[in-house]
Amino acid sequence: MIESLEVRNVVKRFSGVTALKNMHFKLRGGSVHCLVGENGAGKSTLIKILAGHYMPDEGEIALDGQPLRIANPRESQRLGISIIHQELLLVPELSVAENISLGRLPKAGAGLIDWKSAQQRAASALALLNAAIDPQSKVAELSTGEQQLVEIARSLSVDTKILILDEPTASLSESETSRLLSIIKDLKKRGLAILYVSHRMEEVFDLADDITVIRDGAVVQSASKEEMNPDKVVRLMVGRDVSLERKNKGVHGRKVLEVRGLGRSGALRNVNFQLHEGEIVGFAGLVGSGRTEIARCLFGVDRIDEGEIILQNETVRIRDPLDAIRKGIGLVPEDRKNQGLVLQGSVKNNATLSVLGRLQRFGWIKGRQETDLVQSYKEQLRIKTPSIDTPVSSLSGGNQQKVVLARWLAVQPKILILDEPTRGVDVGARAEIQSLIEELVRQGLAIILISSDLLELLSMSDRIVVVRDGSTVAELAGPDATKEEVLKYATGS
Amino acid sequence: MQRVHEQEAGAGSARAGQRNGKSKISQKSLGRYMGSLGLFLVILVFGIVLSILSPVFLSTTNIVNLLIQSTILAALAIGSTFVIMTGGIDLSVGSVLAVSSAVGLGLIEHHGMPVIVGVLVSLIIGIAFGIFNGFIITRFQVPALIVTLASMGIGRGIILIYTNGANISPVPDSYVYLANGRILGIPVILLLVGLLAVIAHIILSNTVYGRSVYASGGNELAARLAGIRTKRVITMTYVLSGLMAAVAGILLSARLESAGPTAGNGIELTVIAAVVIGGTSLFGGQGNILGTLLGVLLISLVSNAVNLLGVPPAWDQLVKGVVILVAALLDVYRRKYSKAGLSK
């Protein structure tokens with residue numbers, strides 16, 4: 001076990017752009033150090049330096065007081081540094097045991113694999129985590145949370161002294177998250193030094209012994225948890241005040257949507273709710289409870305087997321997404337990269353994808369009109385991009401999400417479904433997106449908001465519809481809409 | 001995805017990020033320009049070497065010949081560019097070329113139909129094959145490789161049965177005119193294929209359909225969720241490919257003054273090579289007609305060189321294979337280089 005890992009005045013430049021200006025903090029053995037900062041603050045660069053992908057231009061890394069060079073990833077592993085990335089690095093079609101021993105499967109001689117000791121190695125690593133996962137099961141069949149445990153087990157099966165977790169809970173459910181947090185606390189007791197990167201304040205303040213806030217490639221403040229509080233951390237991260245609470249709740253107009261007894265075999269049954277002009281209805285529920293499935297049915301992606309969808313007092317059948325759009329429904333999907341954007345495409349092409357019908361004459365796109373439209377949304381939503389012809393893949397998560405939002409603003413729907421609109425978006429852009437949503441609602445748009453961030457859901461929504469096992473089980477508004485109430489219905493306890 | 005991280009890594013501050021992004025865009029457009037430019041340079045060097053080795057090469061006759069020879073491949077490659085841009089593949093073009101031209105010409109020769117009817121029937125057969133391919137692929141989610149491999153076999157079978165293995169000839173003069181005629185001294189076949197290339201280019205770069213092809217190829221799910229009827233868009237690419245295969249069939253039979261069961265045998269792989277050398281990604285979402293035409297030109301140059309330099313015809317395939325490999329490697333190298341340039 002280690003005493004400390006120190007990052008001392010590290011500077012890193014990329015052809016003239018300074019990514020890290022002055023990075024310094026101390027990670028102690030047997031403690032959790034939380035690193036918080038917005039996207040672009042320099043977290044990834046720092047992790048890559050510790051992983052041996054980059055060498056610092058100035059400054060040094062010191063292990064137990066001894067300065068050292070981490071020249072390549074192999075060196076980093078040799079020092080006992082293990083990194084759990086946001087996107088998991090597992091081979092889905094291989095078994096848990098094979099993944100845990102990937103690249104170093106024990107040999108039984110004659111070039112054969114010693115399956116028995118591979119199984120044992122996996123079983124003992126998983127036992128350290130109290131994880132009930134069969135080493136023989138295929139990784140693809142596990143949930144995201146379980147896959148993450150497999151990855152942690154892999155790093156424990158080698159001699160890891162320093163564990164770095166990069167936003168590990170981004171795609172975990174509530175229960176998986178709390179399980180992971182308790183595992184991390186347990187690993188800390190075993191003497192591991194843990195660097196935990198996240199911008200979820202709840203987790204940070206649950207786990208941290210020390211907190212380091214970075215902004216624009218420099219440390220803003222590094223202190224023990226006792227000297228910090230969530231508001232302060234957010235302020236330090238963003239560099240200004242950010243408020244979450246929506247101001248004018250509960251004012252709404254006529255009914256635009258009613259769903260009655262909606263069902264889809266194997267996914268949904270008896271889904272009921274209403275939506276009014278100028279209203280945000282929040283869908284709460286655990287991951288996999290059926291919230292996204294409801295959205296997909298409303299948007300014509302999946303067929304419904306029973307029940308009615310009533311739009312402006314008229315029962316309708318929604319055949320496909322284009323049909324939904326024509327009927328005034330929009331959807332910002334949960335997975336921006338796989339469902340929301342054509343990544344190679346430019347900002348412009350992505351923004352106008354749903355309104356090409358309006359921008360054409362005889363199939364010919366009116367280029368000038370298109371450019372003007374996108375420019376105006378670029379300014380209105382403050383999309384940070386060098387040009388509207390830049391590929392969206394080079395934008396940050398928050399700006400990518402704004403491009404998707406721009407597309408739907410251009411469509412001008414009556415009902416907009418937002419599925420996890422602020423996931424993977426940094427605090428600053430998140431506040432902008434939230435205030436944009438508020439503005440849209442004020443103009444009379446009806447919004448269905450799906451979010452796993454319960455605080456966001458509670459502060460934004462006029463009413464909360466709780467979904468469990470594919471059914472709507474409760475509707476909460478006003479003082480009844482509390483975290484405890486929502487969780488009670490969401491878990492069915 | 002990677003670039004998002006690179007951005008995050010590289011952008012120390014919002015302003016630095018902007019600057020970073022700006023240099024990125026200029027490099028990006030330069031990279032794209034370089035893509036076709038690189039291929040153009042390869043062709044130029046190849047041409048210069050060839051003109052030194054063979055004095056005949058630069059003669060007008062040879063150049064015109066070269067261009068005329070590349071028209072068949074060009075017509076097929078233009079159609080396939082649409083298909084490959086959606087991440088699909090069409091192996092049936094050689095068979096469709098043979099079936100459509102033989103049946104069309106058969107109607108004219110054996111049943112006394114007017115030339116225009118024969119031509120129209122040829123085109124309709126091409127379209128029908130496209131609809132069949134596209135429908136099976138999008139409706140039943142069968143991989144394009146398998147579906148078009150099947151229709152390639154079916155098409156070749158039909159033509160063997162229909163022609164009994166014999167060629168169909170002679171061909172009426174008005175039909176031959178399509179290949180050998182000249183307008184203002186320019187061969188009709190060049191004008192025709194040139195016109196089709198321009199139309200294809202305009203469709204891809206300036207129309208709603210072209211934009212839908214890029215989007216469906218880049219990310220089919222995202223395109224569908226944006227309200228694009230991706231199945232229709234993709235089916236349509238196979239229809240265009242079939243139609244262009246029929247056009248190629250008509251032009252080929254007009255040039256050869258006969259249609260036969262072996263026409264276009266094995267050409268599908270050369271078509272794919274030309275399109276990919278031209279910068280269209282096999283994974284979809286990227287590509288353009290200009291690149292495809294350059295790819296076609298390069299491959300045709302190789303045949304021309306083999307011809308002019310008196311290399312035994314048996315060597316043709318081998319040399320072509322090597323050139324395709326080299327061009328593909330150069331292309332990968334170029335992409336890597338321009339990517340490295342982006343991330344710096």
Side-chain angles (χ1 to χ4, degrees), chain A residues 12-21 39-45 48 54 87 216-217 299 301 320-326 331 333 337-345 349-350 352-354 356-357 359-360 363-365 367 384-387 389-391 393-397 400 407 411, chain B residues 1-29 32 85 202-203 205-212 214-232 281 283-287 341-344:
Chain A
K12 179 70 192 170
R13 298 182 199 91
F14 295 96
S15 53
V17 180
T18 310
L20 299 182
K21 282 176 201 156
N39 289 340
K43 291 171 298 183
S44 297
T45 310
K48 281 182 180 156
Y54 299 147
E87 275 135 27
D216 296 343
F299 197 58
V301 184
D320 62 9
L322 181 59
D323 197 25
I325 292 168
R326 288 183 178 152
L331 169 72
K337 284 172 188 160
N338 291 316
Q339 304 170 347
L341 295 166
V342 180
L343 284 174
Q344 311 95 307
N349 291 6
N350 273 287
T352 57
L353 210 48
S354 300
L356 290 175
L359 292 170
Q360 55 95 31
W364 184 284
I365 297 170
K384 275 183 211 142
T385 174
S387 126
D389 294 315
T390 307
S393 57
S394 63
L395 269 53
S396 70
Q400 289 184 346
R407 179 194 300 160
V411 171
Chain B
M1 236 178 311
Q2 194 155 2
R3 233 172 271 157
V4 179
H5 292 301
E6 281 159 4
Q7 173 91 339
E8 185 176 333
S13 65
R15 187 167 299 167
Q18 290 261 356
R19 231 188 301 132
N20 198 20
K22 213 163 257 172
S23 67
K24 220 172 261 179
I25 181 67
S26 63
Q27 276 173 1
K28 159 101 191 172
S29 51
R32 193 180 286 164
M85 275 199 14
I202 290 173
I203 289 176
S205 52
N206 280 314
T207 67
V208 174
Y209 178 70
R211 198 65 76 72
S212 307
Y214 278 103
S216 305
N219 186 344
E220 189 182 345
L221 182 58
R224 195 154 61 90
L225 291 180
I228 290 173
R229 295 204 155 126
T230 53
K231 287 183 178 180
R232 253 184 235 182
S281 164
F283 301 105
Q286 272 170 0
L342 288 182
S343 63
K344 277 284 160 64

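Order of the sequence lines sets the chain letters (A, B, ...), proteins ahead of strands, with each chain counted from 1.
Contact count versus chain B (heavy atoms, under 4.5 Å) is highest, among Gly345(A), Pro321(A), Gly367(A), for Pro321(A). Residue with the most contacts toward chain B among Pro333(A), Gly363(A), Ala324(A): Gly363(A) (heavy-atom pairs, distance under 4.5 Å). Ranked by heavy-atom pairs shorter than 4.5 Å toward chain B, the options Asp320(A), Val411(A), Asn350(A) are led by Asp320(A).
When all heavy atoms are compared, the tightest approach of Ala222(B) to Gly340(A) is CB-C, 3.8 Å. Closest of all the heavy-atom pairs between Ser354(A) and Ala226(B) is OG-O, 2.6 Å.
Atoms CG and CZ, on Leu322(A) and Arg232(B) in that order, are 8.0 Å from each other to the nearest 0.5 Å. In this structure, Ile365(A) CD1 and Arg211(B) CZ are separated by 4.0 Å, a value rounded to the nearest 0.5 Å.
Put simply, the side chain of Asn219(B) gets close to the backbone of Lys337(A): a donor and an acceptor are under 3.5 Å apart.
Looking at Leu353(A), both its backbone and its side chain come within 4.5 Å of chain B, counting heavy atoms on both sides. At a 4.5 Å heavy-atom cutoff, the contact between Ile202(B) and chain A is made by side-chain atoms alone. If you measure heavy-atom distances from Asn349(A) to chain B, the contacts under 4.5 Å come from both the backbone and the side chain. Contacts of Leu225(B) with chain A are made by both backbone and side-chain atoms, with heavy-atom separations under 4.5 Å.
Qualifying salt bridge (Lys or Arg N to Asp or Glu O under 4.0 Å) partners for Arg224(B), counting only residues two or more places apart in sequence or in other chains: none. Scored by the side chain to side chain donor-acceptor pair (under 3.5 Å) test, Asn206(B) finds no partners at all (sequence neighbours excluded).
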